[in-house]
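Just follow the structure's listing: the first ligand is 1, and inside any ligand the first atom is 1.
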Amino acid sequence: MNLASPQQKINLLGLDLAAMRAFLEGMGEKPFRALQLIQWIHTKGLTQFSEMSNLSKSLRESLANIATIQAPEIIHQNIATDGTYKWLIRLSDGNCIESVFIPEKTRGTLCISSQVGCILNCDFCSTGKQGFSRNLTTAEIIGQLWLAVRVLSTNNKEHDRAITNVVFMGMGEPLLNLDQVIPAINLMRHDNAYGLSKYRITVSTAGVIPGMQTLRLATDTALALSLHATNDTLRNELVPLNKKYPLAALMIACKDYFKNEPRRSIIMEYVMLAGVNDTIAHAKELICLLQDVPAKVNLIPFNTFPNTTYQQSDPETIHRFQEKLISAGIFTSIRRTRGDDITAACGQLVGDVQDRTKRQQRERERIEQSSRERV
Ligand code: SAH
């Protein structure tokens, strides 16, 4: 008889090896079973304990009584003309998040969300305009990878084992949810789960300095910093978090980050906004800022969204900016925009956020007000 209601059951999808061992020990089971369970759940994709053939019948029954394996649910799939997938994923409380899969010739990148909405409200990002509801749980974070692996391998055999990289560049600020993000990274890295190397997982942050330190102690994944501006006045405007963690302190934290791994660099993301941060003077200021910082720069053409006042820099300006940085010895690439015909590009992910910040409402009022003023 099943006594526990589904709500009270523990969701094993979100347990990394340490947590799974502790859970099994709590049941009076041998901790080595943790590896078997993780393999069934993440490598084989099972959700039914009854199918886990190397576990004893009694363990399978006890697990079914107290635990569950519950992934979030894809409610909508969009495939762009360039092959990019975007999934709208519903969580158990009705909130929706988005994840994106970007296939390329030699790799496939899954872009995942870490929060429902985002607390940070960067001015050029449409996720920010949705407001914020809550942090995702580990099960919801790893659940995006779990789902993508399943969908891609059943949709198209060519895509079997298609996910080679994971980036935390979807909705939310991962460094404000490290308690849930770190166990998810542990699962991504683990050989009995997804076996991704530290170079193939990238955590992107708007610059939460204490989170950078915590992340570095807990894992050694790649780090990207959403820099976007070369001085505090401009960055305060574009990335309000800068008022709390200004550039000088941020650059010190960046120098510190890979100090024990001198061959690694932080990826500096820099969204190119026409007339705002894209002049040669800005490039020069960026070169000074990044002096002595182990950095590579990734220039991101701005992706538009409704009611934004920003515009994309033209390709010539972006190339000139790139050349200037390269001539100063800074490795600089330009991000190729993917999936923009299905609004799957950077900064376009919106999901369906039960906003607790009232930001959506204020944004609507601002737009109504400015259209009244125009009349
Ligand atoms: N909060 C984290 C994770 C989000 S990552 C962070 O700020 O890094 C999303 C990346 O896309 C960030 O570099 C973000 O600055 C960038 N981005 C946001 N809006 C964008 C837009 N409209 N066009 C292009 N890039 C954008």
Tell me whether C118 has any N or O atom under 3.5 angstrom from an N or O of ligand 1. no
What do we get for [X] next to ligand 1 when only non-hydrogen atoms under 4.0 Å count, side chain, backbone, both or neither?
X	value
N303	both
E173	both
T308	neither
Y310	neither

Taking the side chain as every heavy atom from C-beta outward, state whether L175 and L215 have any atom pair closer than 4.5 Å. yes
Atoms of ligand 1 less than 4.0 Å from [X] heavy atoms?
X	value
G170	4 (C)
I300	24 (C), 25 (N)
S204	2 (C), 3 (C), 5 (S), 6 (C), 8 (O)
C125	18 (C), 19 (N)

Could you pull out, from [options], the option with a heavy atom nearest to [atom]?
atom	options	answer
atom 10 (C) of ligand 1	M171, Q115, E269	E269
atom 15 (O) of ligand 1	M169, Q312, H228	H228
atom 3 (C) of ligand 1	S226, S114, A206, G172	G172

Closest heavy-atom contact between [X] and [Y]?
X	Y	value
C122	V239	SG-CG1, 3.9 Å
L241	L120	CD1-CD2, 4.0 Å
F124	H228	CZ-CD2, 3.2 Å

Give a yes or no on whether a salt bridge exists between R21 and E25, defined as a side-chain N under 4.0 angstrom from a carboxylate O. no
Under a 4.0 Å threshold between the charged nitrogen and the carboxylate oxygen, would R189 count as salt-bridged to D16? no
What's the shortest distance from atom 19 (N) of ligand 1 to any protein heavy atom, and which residue and atom give it? G347 CA, 3.0 Å
Nearest protein heavy atom to atom 25 (N) of ligand 1, by residue and atom, and its distance? C346 CB, 3.4 Å
Is there a side-chain contact (heavy atoms from CB on, under 4.5 Å) between L325 and M268? Walk through the geometry before answering. CA-CA 12 Å; L325 297 183; M268 300 290 169; over 6 Å; no
Counting only heavy atoms not in R366 (residues, nucleotides, ligands), do more than 12 fall under 6.0 Å from its CZ? yes
Under 3.5 Å donor-acceptor, Q180 side chain and T138 backbone: yes
